[in-house]
Amino acid sequence: MSRDYAEMEKKWQSKWAEKKLNESERQDGKPKFMLIFAYPGLTGYLHVGHLRGYTYADALGRYKRMTGYNVLFPVGTHATGNGAISLASKIARKDEKTVDYLLRNGCPEEEIDKLKEPMDVVNFFNNVYQNDYWKRFGFLADWRRFTCTLYPDYGKFIEWQFTKLKEKGLLVQKPYYAPFCPVHGPVAVDPSETDISKGGLAETQEYTLLKFWCEERKFFLVAATLRPETIFGQVCFWARPDMEYSIVEKDGERWVVSPQCAEKMSLQFDGVEEVGRIAGKDLIGLTCTAPMIHKQIPVFPADFVDPDVGTGLVTSCPSDAPDDWNSLQIAKANPELTEKYGIPKDIVDAVVPVSIISIKGYGDFPAQSIIEKMKIPSVKDPAKFRELMDEAKKQVYKDGYHMGVMKDVCGEFSGMRVEEAKDKIQQAMLASKEAEIFRDLTEEVVCRCGQRVHIKRIDDQWFINYADRQLTDSTKEHCRDMTIFPAQYYENVQGVLDWYRERACVRLGNWLGTRFPFDNKWIIEAISDSTLYPLFYTISLYSNTKQITPEQMTPEFFDYVVLEKGEPSAVAGSTGIDQELLEKIRKDVHYWYPLDINLGGKEHMTVHFPVFLMNHRAILPDDMQPKGIIVNWYVTGKNKDKISKSKGGAQPIPGAVAKFGADSMRLYYAHVASMFVDVEWDEDLVFTYKQKLENIMSSVEDLINAEADVPSGDIDAWLLSRFNTHVSEIRAAMDRYDLRQMATVVYYDMSNDMRWYARRGGKNRDTVMQALRIWINAMMPITPHVAEELWSEAGFEGLVSEAQFPEADDSKRNAAAEYGEGLVQEVIGDVNEIKKMAKTEVSKAVIYTTPMWKVGVMKDAIAMAEAGNLTIPDLTKRCMADENLKKRGKETSDFVKKIAVDLMRSNLKDKKALADLDEEALLKSAKDFIASETGMETEIYGADEENKFDPSNKARVAVPGRPAIYLC
């Protein structure tokens with residue numbers, strides 16, 4: 001059957017809009033539930049990966065509506081930063097890749113020329129996100145509350161937030177070394193990649209710059225090290241002969257560094273100026289004096305030197321650095337040192353490692369020890385060799401730092417533990433002016449505008465002091481009472497909060513955002529303006545509908561409606577807001593808040609979520625603290641990398657929806673894997689979910705249109721019992737926000753049950769309609785368009801989106817019926833499996849039900865369990881008092897142990913139903929059905945008739961609910 005999914009989706013979305021199902025109003029006395037997904041950064045088109053988390057949020061919100069909650073599900077966009085500026089700039093200069101990117105994602109060609117200004121970009125994508133993505137997927141979000149971080153009213157809220165932080169003493173100002181873009185100024189480098197397009201995992205690394213004096217040329221060769229304590233083991237210096245170095249003047253000294261390093265230094269030091277260049281080959285053969293030890297060492301050539309790492313010059317301590325050890329051995333065996341560079345052989349031979357650190361488990365030269373231990377010299381594959389050398393480096397550095405002790409050759413530092421000596425040696429060289437501190441990033445970072453990011457000194461940077469001990473401890477304590485998924489993050493967030501320190505909260509340069517209220521030259525940065533924002537959704541409705549203006553949203557206004565401080569008449573008078581409206585806004589804020597769930601991607605675990613928690617704790621009272629966080633993992637590309645907007649992304653969302661249908665994709669997101677693992681975008685797999693939905697729709701329509709009607713029987717009791725059991729399973733799953741388990745029950749278990757019912761001859765009209773009412777209702781949170789279509793076709797009243805989720809009807813729970821049909825299913829499955837495994841051809845199945853003595857033992861055990869006195873010894877004693885059971889000896893005792901343990905772990909009500917089940921009568925009545933399902937002649941016997949067709953007497957293994965099967 002051909003279906004027009006786009007038309008179906010449009011039809012039902014229109015119905016929801018007509019009924020205003022998405023609009024949320026305060027209903028005093030009715031329980032509320034407020035949830036959000038972390039609003040997306042507005043830097044371009046979203047991709048199919050984003051919709052995973054967003055779909056979870058909509059499905060959870062729909063389910064909560066169905067279970068009696070007044071739900072607020074607002075949305076917005078995060079446009080703070082340089083994303084829109086960069087995109088507008090590329091469009092204005094007609095950047096070919098950018099134009100192609102826009103066209104590929106569905107931007108009309110005539111619209112592109114209208115996107116040359118940043119706010120035009122923001123407004124364009126605000127419309128795309130709402131209409132082409134979220135509404136297209138059927139989200140029941142309260143669109144009236146939509147906000148964007150660049151809207152004037154939002155800016156007023158952020159100004160108030162920072163006023164509160166200052167009042168709490170949490171804003172501090174001090175010098176800072178910040179990642180810096182030459183176009184946009186300081187940027188944030190973190191996994192969320194809000195400001196940048198590359199390098200989100202980079203960290204700022206502190207190097208010690210070591211100055212090696214070259215008397216012959218009257219300049220310093222400068223090397224950067226992370227291990228200043230190894231200065232005592234320096235034996236040579238490395239320079240790259242095939243590159244040109246910069247000579248820079250700093251504080252009256254001339255330093256030689258790579259041009260890349262010179263550029264970085266100019267951002268960190270005052271008065272750095274390039275005064276010349278020198279070829280790397282002209283450095284080879286020079287000697288220089290090492291700081292601290294004042295020893296002359298030669299300069300050797302090396303092609304492994306990276307001009308972009310450190311200073312582009314490297315000093316060598318082969319005793320404790322595996323790479324240096326290996327490089328020195330290669331260099332000393334290289335005749336070019338003498339033949340090409342004219343370095344006398346006696347100087348080369350004199351370069352020998354110096355043992356400086358004693359580490360338990362290592363020899364005099366730890367680098368040599370670990371290389372030999374890992375058998376690295378025997379590795380021929382270059383990639384594997386590099387991998388092992390990096391591993392060796394990490395291990396020897398780690399062991400040296402934690403277990404190492406400085407040797408006698410280290411002078412006044414001898415006998416010190418390395419972890420203590422490291423800082424003392426660094427401070428000594430800094431004091432003697434033989435070293436300086438230099439900062440660099442651990443990997444390449446690129447701003448969204450395309451410029452390379454380096455570290456720059458900012459003298460008057462503002463920070464939010466997240467290191468405040470009282471704030472940290474208070475936040476940690478609150479987190480213990482929160483609902484946080486996954487469980488690992490519930491545990492880990494405590495450590496993340498401890499790790500958090502001051503965070504730079506404002507930026508200089510070309511940025512979009514809210515002006516810092518205490519110094520207008522600064523713009524509040526993207527993470528710092530996205531912490532309390534869920535609270536603003538409770539207010540944005542009144543600004544969006546022009547009931548209040550941004551100018552009226554003064555600090556006194558927010559103090560009153562949020563913190564309930566001030567006199568309402570005074571606030572109304574100072575703001576010009578009607579006092580009745582002011583009271584309505586205040587009541588709304590305190591009805592909807594606190595936020596129940598904040599759902600976001602795993603990149604937020606160390607960035608957004610910690611500051612979200614701490615800002616709430618710092619500013620809002622106890623009864624407004626957030627209640628829950630859910631973290632969802634990524635949808636990845638084929639190479640298992642995170643899909644990124646800035647890197648091209650996957651198939652555009654509108655194209656994917658047109659191809660698969662919104663509900664197929666919603667089901668894919670909900671069911672393909674746990675929320676807490678990455679999944680690879682796989683169109684073939686998405687297509688299987690589309691087929692699944694189509695099969696379900698066809699099956700339901702067949703059931704709706706079936707004309708046959710037969711009297712109800714055992715199979716009807718079974719189906720209604722099963723569906724009421726499923727209702728309980730769904731509610732239990734959703735109590736823990738387990739959308740995948742809910743999807744399994746609804747789209748697989750319930751579907752299988754309906755098929756089983758039909759195969760068993762079920763055709764009772766009333767039973768079918770009762771089951772369909774439950775089943776279609778349960779589909780609504782995940783596949784709402786399909787649910788509405790089927791609900792309508794079934795003739796049920798109203799919209800399923802307005803219906804309440806059913807409660808399990810205990811009067812229709814029938815454990816005996818469920819066990820009975822389950823027994824038939826298991827027998828068929830077991831027969832087919834044994835048949836498949838049989839080495840010879842079989843044509844007959846003989847099935848033996850449980851012997852009555854086992855049923856009797858089970859009933860005795862149940863009686864004892866109900867009385868609260870079931871133990872294995874007591875049950876054994878009771879059974880052995882029966883001569884017939886006693887004669888069975890070990891067979892009886894083994895079964896007693898099995899059934900006692902089983903009952904201690906089981907639901908007694910269900911076990912009683914199983915004990916009362918007449919297995920023999922049930923299976924005999926289903927004999928023909930079993931035969932047709934297995935394709936085998938079938939005989940059913942009570943296990944007391946165990947000698948029939950059973951030469952090996954295997955029938956005795958039958959236990960309640962598990963018949964013995966013999967194929968012949």
Side-chain angles (χ1 to χ4, degrees), residues 82 86 89 175-189 195-212 214 217 219-226 237-283 302-315 435-461 504 507-511:
N82 59 6
S86 298
S89 174
Y176 177 53
Y177 289 86
F180 186 88
C181 166
V183 174
H184 292 105
V187 299
V189 176
D195 297 342
I196 59 177
S197 62
K198 181 181 181 182
L201 297 178
E203 296 178 356
T204 299
Q205 201 159 238
E206 185 179 281
Y207 286 98
T208 304
L209 293 184
L210 304 176
K211 302 188 318 189
F212 292 74
C214 180
R217 302 301 295 268
F219 54 44
F220 287 100
L221 299 177
V222 181
T225 182
L226 298 172
F237 203 92
W238 305 107
R240 188 160 161 172
D242 63 345
M243 65 173 277
E244 190 175 47
Y245 286 87
S246 293
I247 302 173
V248 300
E249 190 168 288
K250 181 188 179 299
D251 299 332
E253 299 175 344
R254 293 198 308 159
W255 291 9
V256 176
V257 295
S258 69
Q260 292 89 329
C261 180
E263 179 187 356
K264 298 173 190 177
M265 284 182 171
S266 68
L267 298 173
Q268 297 183 37
F269 303 126
D270 292 330
V272 173
E273 180 183 358
E274 183 175 282
V275 294
R277 293 282 179 112
I278 185 170
K281 62 183 176 58
D282 293 335
L283 300 177
D303 59 7
F304 60 79
V305 173
D306 186 342
D308 201 34
V309 175
T311 63
L313 293 166
V314 178
T315 181
E436 294 208 31
I437 299 299
F438 173 71
R439 296 162 179 84
D440 203 359
L441 293 160
T442 55
E443 62 180 86
E444 183 182 32
V445 176
V446 178
C447 178
R448 288 198 175 273
C449 70
Q451 292 291 320
R452 181 77 181 270
V453 171
H454 297 304
I455 300 296
K456 178 180 172 63
R457 190 184 78 235
I458 309 293
D459 290 323
D460 55 350
Q461 177 69 51
R507 300 277 185 262
L508 289 173
N510 189 20
W511 293 89

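None of these values were measured; they are calculated from a predicted model.
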Peer 1: Determine whether Asp195 and Arg507 make a side-chain contact, defined as any pair of heavy atoms from C-beta on separated by less than 4.5 Å.
Peer 2: yes

Peer 1: Roughly how far, to the nearest 0.5 Å, is the CG atom of Leu283 from the CD1 atom of Ile278?
Peer 2: 4.5 Å

Peer 1: Please state whether the rings of Phe438 and Phe269 are parallel, tilted or perpendicular, taking 30° and 60° as the class boundaries.
Peer 2: tilted

Peer 1: Without swapping roles, check the side chain of Thr311 against the backbone of Leu313 for a donor-acceptor pair under 3.5 Å.
Peer 2: yes

Peer 1: Could you tell me whether the side chain of Arg448 reaches within less than 4.5 Å of the side chain of Cys181, counting heavy atoms only?
Peer 2: no

Peer 1: Do Asp251 and Glu436 have side chains that approach each other closer than 4.5 Å (heavy atoms only, starting at C-beta)?
Peer 2: yes

Peer 1: Are more than 12 heavy atoms from other residues, nucleotides or ligands located less than 6.0 Å from atom CD of Glu203?
Peer 2: no

Peer 1: Should the pair Glu206-Arg439 be classified as a salt bridge under the 4.0 Å nitrogen-to-oxygen rule?
Peer 2: yes

Peer 1: Please list, chain by chain and in numerical order, all residues satisfying ring-ring contact (aromatic ring centres under 6.0 Å, His included) with Tyr177, sequence neighbours excluded.
Peer 2: none

Peer 1: Report yes if some heavy atom in the side chain of Val445 is under 4.5 Å from a heavy atom in the side chain of Pro179; otherwise report no.
Peer 2: no

Peer 1: Hey, does Glu244 have a side-chain heavy atom less than 4.5 Å from the side chain of Pro259?
Peer 2: no

Peer 1: Which atoms form the tightest heavy-atom contact between Ala224 and Tyr207, and what is the distance?
Peer 2: CB-CD2, 3.7 Å

Peer 1: Val305 and Gly312: which non-hydrogen atoms are nearest, and at how many Å?
Peer 2: CG1-O, 2.9 Å

Peer 1: Could you give all pairs that pass the salt bridge (Lys or Arg N to Asp or Glu O under 4.0 Å) test and reach residues 259-275, with sequence neighbours left out?
Peer 2: Lys264-Asp308, Lys264-Asp440, Asp270-Arg457, Glu274-Arg277

